[in-house]
Amino acid sequence: GAGVSQSPSNKVTEKGKDVELRCDPISGHTALYWYRQSLGQGLEFLIYFQGNSAPDKSGLPSDRFSAERTGGSVSTLTIQRTQQEDSAVYLCASGNRATDTQYFGPGTRLTVL
Amino acid sequence: EDKVVQSPLSLVVHEGDTVTLNCSYEVTNFRSLLWYKQEKKAPTFLFMLTSSGIEKKSGRLSSILDKKELFSILNITATQTGDSAVYLCAPIIQGAQKLVFGQGTRLTINP
């Protein structure tokens, strides 16, 4: 595709439920990143994939958060037992090792009631 | 701790004005710095700066990096209402690949 795509664009869930957020990177990009942006806050790094491995997962806020990437392409961010403080926009970006530029998807707005 | 400070946090100007947005950073193992424009959800890429003193230009936008003083500026000339957005700067950490974002500058252009 032409750009990074994410789904769903909006997700409303009840506290305690699990959610899965999906990211399709730009074709050929080996690097994939997840960030989140809480209301009024800057973007916060969550995890970085190079291929299917995650050399840096230092930004995951708790063990309720996990992510995987398969086939060097699609990535899924899973949040278990969601809490209200998980409400945020979750942004995915992709890039390649030839350049530092990261291209962002449209994000998923997660609301935990 | 890695730190990025953008100023001003908010700026309101009239169409046609010129604006300068500031970004100062303190990060370990600096590699390069990126500027993004965020209108709704997705930040869109503007510039990547790696070397000091070399201005990057795209239309009415330009940016420059000072690696000695650890800051970058983004200039927008002849502003238009479509320039209204949050502008984000983000250094990349060598090896870690992650972007460290500032709070952003919310720019509002009034007609």
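Values in this document were obtained by computation on a predicted structure and should not be read as measured data. Throughout, protein chains are lettered first and strands after them, A, B, ... in sequence-line order, and every chain is numbered starting at 1.
- Scanning both residues, A/N10 and A/R109, for their nearest heavy atoms gives OD1-CB, 3.3 Å.
- Between A/Y35 and A/F45, the two ring planes are perpendicular [angle over 60°; tilted spans 30° to 60°].
- Contact of B/Q38 with chain A is made through the side chain alone, with heavy-atom distances under 4.5 Å.
- Minimum heavy-atom separation, A/P61 to A/L46: CD-CD2, 4.0 Å.
- Interface remark: A/L91 contributes side-chain atoms only to the contact with chain B (heavy atom separation under 4.5 Å).
- The two residues A/D86 and A/T82 have their closest heavy-atom pair at OD2-CA, 3.4 Å.
- Listed options B/G104, B/P43, B/A90, B/A42 were ranked by heavy-atom pairs under 4.5 angstrom with chain A; first place goes to B/P43.
- When only modelled atom types and interatomic distance are considered, A/Y48 and A/Q102 share no side-chain donor-acceptor pair under 3.5 Å.
- For B/L99, the parts lying near chain A are the backbone and the side chain together; criterion is any non-hydrogen pair under 4.5 Å.
- Contacts with chain B were tallied for A/P106, A/G107, A/S9; A/P106 has the most, counting heavy-atom pairs under 4.5 Å.
- Heavy atoms closer than 4.5 Å to chain B are found in the side chain of A/Q37, but not in its backbone.
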